[in-house]
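Just so you know, these numbers come straight off a predicted model, no measurement behind them. Convention: sequence-line order gives letters A, B, ...; per-chain numbering from 1. Reckoned from all heavy atoms, side chains included, excluding hydrogens, waters and symmetry mates.
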Number of protein chains: 2
Amino acid sequence: MAKSKTREPVSRERAIRVAVTLADATGIEALSMRKLATELGIEAMSLYYHVKSKDDILDGMLDVVYSEFSTPRAGDEWRTAMHERAESMRRVLAQHHWAISIKTRTSPGPETLGHLDSVIGCLRAAGFSMPLAGHAMSILDSYVHGFAQQEASLPLDSSGDIGGATKDVKAQQEQITQAFPNLADMAVSLILQPGYAYGHEFDFGLKLILDGIAAAQAVETANP
Amino acid sequence: MAKSKTREPVSRERAIRVAVTLADATGIEALSMRKLATELGIEAMSLYYHVKSKDDILDGMLDVVYSEFSTPRAGDEWRTAMHERAESMRRVLAQHHWAISIKTRTSPGPETLGHLDSVIGCLRAAGFSMPLAGHAMSILDSYVHGFAQQEASLPLDSSGDIGGATKDVKAQQEQITQAFPNLADMAVSLILQPGYAYGHEFDFGLKLILDGIAAAQAVETANP
DNA sequence: TATCCGACCTTACGCCGTACGGTTAGCATT
DNA sequence: AATGCTAACCGTACGGCGTAAGGTCGGATA
């Protein structure tokens, strides 16, 4: 430990910040009040002086995640702004892999609200009607969060081979190949191919969606 | 092999089935081995005779969810098949609202594998190349899962008013309105409007994505 | 009759979140 | 110097969790 004389005081902000790095390192299910308190150099119950409950910490952590998203500025061109936002979201959600499993949370924090406000502002400034702005945000957010979720639920190692016992696995795989031929075909002829990485799929979908939104906006501006 | 029918025996299947209905009713975080055992009429540890672990149950529950998705048949027209699949997924995921928060799971079950195999088969039979089939599935699944996630994290009651103390809430809302004007604008001029329901956003996005996939396929078939 | 075994139970361990009630150090006021 | 206040932290305890290890017992089988 660095400072021995006076320990850096614990605050809600610091507790949440440490909780984020701890969850990044060991996963969200390993984040307990006791472990977090130990990391902060205090006892478990002392956390409750700074923080209302564990849910309070979780809410704060989600707000930290939103604060790391790329937030569009007022005059930005909408397509590049949305593109960059989407890519930053994917990047951040991949780094804080626990965030997507917390996403089922209420009460958004100030960073979250500010971010969303800016996104709406950017689209509106670009001439989007309110309903179209709603549509655009809904589809973009759904896609990005869903993709991050898919990506997080993939088998972790990138190696094509599956480690462990060889004979059993081989026999089992042969059975799977027969029972699910299309799946097996996709595995060998696409996913296990040298250059393939699931992350690349993101760009295809993002471009498709942005094209669709652009088309919808073109229709809208043509028929005011 | 005559069997005395003194009482319905507990099996892995029945345990998982009951776990699903219990999670539907009380949420996934309230599903414990003890509660599930009580529901089945046995003691907690007796579950471990039928089931490997709690994770085993969770895996089984997810497989049940997949079994409820609409699975395309061999000769189906791809667009209608994908449309129906997507809508059924949204419906099922909304009913089993716990499923999206479990989604971060490995080892897919047989129903899951079979479903995915059929989806790939449908797209391939419709002339999709393997990479395009991968793209289509990736974007559709990401969108649908992401939308279900968004939908699940909305405030629960559909009433426009927020219950509870009136004065504090009103003062707080005024502050929010000033700090996040675009958000407030969208709230009053779109979301709180009489006819609005977030679920309607689904159709816009789904049509947009299916249009985009159709366009990509048209390009592909034109340039073989 | 003797054996076995599927199906269930009991006990115990080490985690978890947190309610409740101290204790201490630093400071302002008297 | 004595008093009192408050922010910051600690100890104990409770009920609940997943599950390892081993026990029990009635019916099927040899």
Engineer: Note down the inter-axis angle between the two ends of the helix from C:dT1-D:dA30 to C:dT30-D:dA1, five pairs each, to the nearest 10°.
Structural biologist: 10°

Engineer: So which one's nearest nucleotide on DNA chain D is more toward 5', B:Lys54 or A:Ala44?
Structural biologist: A:Ala44

Engineer: Check this for me: A:Glu84, atom CD, are more than 12 non-hydrogen atoms of other residues, nucleotides or ligands nearer than 6.0 Å?
Structural biologist: no

Engineer: Without decimals, in angstroms, what is the distance between B:Leu40 CG and C:dA7 C1'?
Structural biologist: 13 Å

Engineer: Are A:Lys35 and C:dC16 close enough that a side-chain N or O sits under 4.0 Å from OP1 or OP2?
Structural biologist: yes

Engineer: Out of D:dA13, D:dC9, D:dG11, which nucleotide sits closest to the side chain of A:Tyr49?
Structural biologist: D:dC9

Engineer: Base, sugar-phosphate, or nothing: which does A:Leu31 touch, judged by heavy atoms less than 4.0 Å apart?
Structural biologist: sugar-phosphate

Engineer: Checking A:Arg90 against A:Phe202: charged group under 6.0 Å from the ring centre and within 45 degrees of the axis?
Structural biologist: yes

Engineer: Has the side chain of B:Thr38 got a donor or acceptor atom that lies under 3.5 Å from a matching backbone atom of B:Arg34?
Structural biologist: yes

Engineer: I want to verify a distance call: between C:dA12, C:dT10, C:dA7, whose nearest atom is closest to the B:His50 side chain?
Structural biologist: C:dA7

Engineer: Rounded to whole angstroms, how far apart are CZ on A:Arg34 and P on C:dT18?
Structural biologist: 11 Å

Engineer: Nearest 0.5 Å please: distance from the CD1 atom of A:Ile28 over to the CD1 atom of A:Ile100.
Structural biologist: 11.0 Å

Engineer: Looking at D:dG11, D:dG18, C:dC16, which one has an atom nearest to any side-chain atom of A:Ser32?
Structural biologist: C:dC16

Engineer: Tell me: OH of A:Tyr48 to P of D:dG11, nearest whole Å?
Structural biologist: 17 Å

Engineer: Can you measure A:Arg14 atom CZ to D:dA8 atom C1' for me and round it to whole angstrom units?
Structural biologist: 13 Å

Engineer: Consider the side chain of A:Met45, meaning its heavy atoms from C-beta on, and name the nucleotide among C:dA19, C:dC16, D:dT19 that approaches it most closely.
Structural biologist: C:dA19

Engineer: Can we call the ring centroids of A:Tyr143 and B:Phe147 under 6.0 Å apart?
Structural biologist: no

Engineer: Without decimals, in angstroms, what is the distance between A:Glu43 CD and C:dG21 C1'?
Structural biologist: 16 Å

Engineer: On DNA chain D, compare the nucleotides closest to B:Asp55 and A:Ser46; which residue's is nearer the 5' end?
Structural biologist: A:Ser46

Engineer: Can a donor-acceptor pair be found, under 3.5 Å and without considering hydrogens, that links the side chain of B:Thr26 to the backbone of B:Ala23?
Structural biologist: no

Engineer: I need the CE-C1' distance between A:Met33 and D:dC17, as an integer number of Å.
Structural biologist: 17 Å

Engineer: What integer distance in Å separates B:Ile28:CD1 from D:dC17:P?
Structural biologist: 13 Å

Engineer: Would you please say whether a donor-acceptor pair under 3.5 Å links the side chains of B:His96 and B:Glu68?
Structural biologist: yes

Engineer: Quickly work out the B:Glu29 CD to C:dC16 P distance and round it to whole Å.
Structural biologist: 19 Å

